[in-house]
Amino acid sequence: MADQVVPFSNPAGRELFWHSASHLMAQAVKELWPGAFLTIGPAVDDGFYYDVDFPAPITEADLPRIEARMHEIVDRDSPIVRREMPKSEALEFFRARGDTYKVEILNEIPDATVSLYEQGGFVDLCRGPHVPSTGALKAFKITSIAGAYWRGDEHNKMLTRLYGVAFPTQAQLDEHLKLLEEAKKRDHRVLGRDLDLFSFHEEMGPGLPVLHPKGAIIRRVIEDFWREEHARNGYETIFSPHIGKATLWETSGHLGFYKDSMYAPLEIEGQKYYLKPMNCPFHMLAYNNRQHSYRELPIRYCELGTVYRYERSGVLHGLLRVRGFTQDDAHIFMRPDQVDAEVTQVLKFVLFMLRTFGFAEFDVYLSTRPEGRVGTEAMWDTAEGVLLHALDEARKAGLISSFTEDKGGGVFYGPKIDVKVKDALGHAWQCSTIQVDFNLPERFDLTYIAEDGSKQRLVMVHRALLGSIDRFMGALIEHYAGAFPLWLAPVQARVLTITSDLEAYGRGIVDQLKAAGIRAEGNYSPEKIGHKIRAAELEKVPYMLVVGKREAADGKVAVRKKGKGDEGVAVVADVVARLAGEARERR
RNA sequence: GCCCAUGUAGCUCAGUGGUAGAGCGCAUCCUUGGUAAGGAUGAGAUCACCGGUUCGAUCCCGGUCAUGGGCUCCA
């Protein structure tokens with residue numbers, strides 16, 4: 001059976017190409033370190049990797065050597081040959097080499113026959129297919145080196161993972177590397193510092209950001225919009241404290257299921273208090289403070305609740321993975337007959353919010369019953385059916401194009417819908433989650449009084465639209481590369497005077513903008529206009545309003561839109577109205 | 001937490017076993033110039049922290065902390 005040649009433009013072809021490149025890298029490693037053992041080396045979304053058990057640690061400094069050897073192997077242009085053999089024979093082959101990793105993999109392959117690939121004396125167990133010869137692999141780069149546990153299990157040995165990418169031509173590789181550079185410039189951590197949005201400090205501790213005034217404006221704009229829309233959608237805001245007694249977390253089950261993510265308790269007057277990792281228990285108590293009639297439902301409690309979770313130091317990452325963050329949380333209490341309509345409404349709400357922030361592409365997942373769960377099968381059947389129905393409705397309405405079912409991916413207390421947004425570079429960010437919860441209503445004995453006067457168990461849905469406000473900000477920063485649309489921009493307009501003697505005129509314009517609710521400031525320094533424009537462009541201010549003698553003479557400004565250039569002069573009042581309008585429309 | 005790497009001025013980065021340098025930014029002064037960098041001068045650094053080796057450590061060694069790339073998990 002000969003391997004088919006599949007073009008690189010095709011996803012399968014790309015995978016084949018990258019997988020072959022992975023073998024090429026493996027051969028180079030094996031030639032340079034004969035004592036190294038190869039484990040697994042697949043193609044991944046944006047390249048390939050190979051996990052290697054090296055006899056002694058290697059470092060980044062070794063990468064050029066490996067690349068050089070790879071080029072040598074390419075020049076040899078060895079044919080890549082597939083050989084099939086009985087599993088037992090392959091086992092013997094790898095056992096003889098003392099290659100326990102390949103033996104372990106082989107033992108898990110159910111087939112009686114396996115395939116090996118050979119290229120210039122280098123042999124690896126592989127399903128294939130591959131490019132016909134090593135000469136086909138022209139352009140590649142080992143991009144990084146990292147540790148990775150054998151089989152991803154931290155109880156296993158730590159291997160060395162080499163990541164790489166490969167392309168049929170050098171031009172394509174260069175293009176790809178350029179794209180990576182671009183992505184680096186959009187990194188929210190870099191922009192967060194350059195645009196003076198937030199910072200981290202050793203003195204405060206890892207995973208604990210502090211928002212600077214400009215970052216705080218973005219946060220406040222997000223929150224104001226959020227509150228407004230929640231009020232409009234029938235939510236009531238509540239506020240809950242940051243700590244709660246141990247008994248509360250015992251009731252909620254967090255001390256049983258979530259303890260590893262919670263911080264050690266504080267002791268106050270002989271009682272243990274825990275920093276909250278979630279807001280749910282407080283909302284449950286607020287609901288349960290009095291009896292509720294079926295007529296009141298659904299009741300929707302929302303809160304921008306700041307929670308604290310222990311995250312292992314190695315996983316912290318800018319605003320995306322922190323130890324204290326604010327969830328845009330809500331808990332909806334309802335009758336069983338209301339769940340369908342409510343979930344559908346929540347999903348629409350989610351998509352409305354995300355679209356308003358400028359995201360147009362979503363990855364939507366339905367996660368169903370996992371092993372080890374609470375609730376009856378009938379409850380799961382109903383809840384999964386409801387979520388599925390909501391997703392179907394959203395699809396029919398054109399709100400989403402499709403969704404993926406993650407079988408067994410639900411939480412122990414109920415099924416859920418997750419929505420990830422895709423940013424301008426195509427990266428997916430986990431944001432929204434809509435979860436049916438069978439657990440807390442039982443634990444907190446949440447009920448309502450039905451039409452016939454009986455006490456009934458209610459259904460509770462837990463949801464977050466943006467997920468973590470902090471993470472969402474990170475997503476926005478990268479999506480817009482720091483160049484926020486007007487309504488989100490910390491500074492919306494900057495007045496730039498051609499000469500410093502026009503300061504008074506400039507200040508007048510700033511005042512008019514501010515009076516209209518525009519976040520405006522002026523730059524009246526005696527720098528040249530080109531300098532001021534460059535500064536404003538770099539700070540990604542959406543509008544630059546340039547004023548010189550000509551404009552000052554007849555009450556006008558020259559409008560320059562960031563990234564677009566000079567738009568010509570306009571009357572000040574018109575410009576103020578235009579910006580105010582854009583901000584109001586959240587553009 | 002684990003593996004590897006990194007930590008020098010606000011930022012980006014040079015550099016050396018004899019206590020540091022550039023560009024940008026910042027301050028002051030000059031310049032008042034029409035759409036992405038005008039000029040001069042100046043301030044600014046216990047070279048992450050703690051310990052060791054050494055006559056002497058920013059540099060070598062050890063530890064700690066933080067950061068980065070991953071593994072794992074998740075908002």
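To find a chain, count down the sequence lines: A is the first, B the second, and so on, and within it residues start at 1. Quick caveat: nothing in here was measured; it's all calculated off a predicted structure.
Only the C1' atoms considered, B:rU58 is 9 Å distant from B:rU16, to the nearest whole Å. Atom C1' of B:rG33 sits at a distance of 47 Å from the matching atom of B:rG69, rounded to the whole Å. B:rU46 and B:rC59 have their P atoms separated by 15 Å, given to the nearest Å. Taking atom P in both B:rG25 and B:rU64, one finds a spacing of 41 Å when rounded to whole Å. The P atoms of B:rU6 and B:rA22 are separated by 26 Å, rounded to the nearest whole Å.
Side-chain N/O atoms of A:S313 include one lying less than 4.0 angstrom from OP1 or OP2 on B:rG1. Close to B:rC71, at under 4.0 Å from its OP1 or OP2, lies a side-chain N or O of A:Y163. Within the structure, a side-chain polar atom (N or O) of A:R189 is placed less than 4.0 Å from OP1 or OP2 of B:rG69. Between A:H155 and B:rC2 there is no side-chain N or O to OP1 or OP2 distance below 4.0 Å.
In this structure, A:A558 reaches the bases: a heavy-atom distance under 4.0 Å links it to at least one base atom across the strands shown. Among the atoms of the strands shown, only primed sugar atoms or phosphate atoms (P, OP1, OP2) are found under 4.0 Å from some heavy atom of A:P206. Note on A:H201: nothing from the nucleic acid sits closer than 4.0 angstrom, heavy atoms only. Nucleic acid contact for A:G548: base, since at least one base atom lies under 4.0 Å from a heavy atom of the residue. Within the nucleic acid shown, A:F54 has no heavy atom closer than 4.0 Å to any nucleic acid atom. A:S500 comes within contact range of at least one nucleobase, with a heavy-atom separation under 4.0 Å.
Rounded to an integer number of Å, the gap from A:L538 CG to B:rA37 C1' is 9 Å. Distance A:E527 CD to B:rU35 C1': 15 Å, rounded to the nearest Å. For the pair A:R534 CZ and B:rG25 P, the interatomic distance rounds to 8 Å; values are reported in whole Å.
Residue side chain A:R309 does not reach the base of B:rC74 through any donor-acceptor N/O pair under 3.5 Å, judged by distance alone. Between the base of B:rG1 and the side chain of A:Y149 there is a donor-acceptor pair shorter than 3.5 Å. Between the side chain of A:E551 and the base of B:rG34, a donor-acceptor pair under 3.5 Å is found. With hydrogens and angles ignored, a donor-acceptor pair closer than 3.5 Å exists between the side chain of A:E537 and the base of B:rA36.
A:Y310 and A:Y263 have perpendicular rings, their planes meeting at more than 60° on a 0 to 90° scale where under 30° would count as parallel.
A:E154 has a carboxylate O that lies under 4.0 Å from a charged side-chain N of A:R312, or vice versa, which qualifies the two as a salt bridge.
Partner of A:D51 under the salt bridge (charged side-chain N to carboxylate O under 4.0 Å, His left out) criterion, out of A:K157, A:R161, A:R151: A:R161 alone.
Side-chain polar atoms of A:R309 and A:Y258 form a donor-acceptor pair below 3.5 angstrom. In summary, the side chains of A:H212 and A:S199 do present a donor paired with an acceptor at a separation below 3.5 Å, with no hydrogens or angles considered.
Distances were taken from every side-chain heavy atom of A:R312 (C-beta onward) to each of B:rU72, B:rC4, B:rA66; the shortest belongs to B:rU72.
Centre separation under 5.5 Å together with a plane angle under 30° holds for the ring of A:F325 and the six-membered base ring of B:rA75, marking them as stacked.
Geometrically, A:K141 does not engage A:Y163 in a cation-pi contact defined by less than 6.0 Å to the ring centre and at most 45° from the axis. Annotation: cation-pi pair A:R69/A:W33 absent, no NZ/CZ under 6.0 Å from the ring centroid and within 45° of its normal.
Across all strands shown, B:rC49 forms a Watson-Crick or G-U wobble pair, both distances under 3.5 Å, with B:rG63. Of all nucleotides present, only B:rC26 satisfies the Watson-Crick or G-U wobble test against B:rG42, with each distance under 3.5 Å. In this structure, B:rG1 forms a base pair with B:rC71, meeting either the Watson-Crick or the G-U wobble geometry with both donor-acceptor distances under 3.5 Å.
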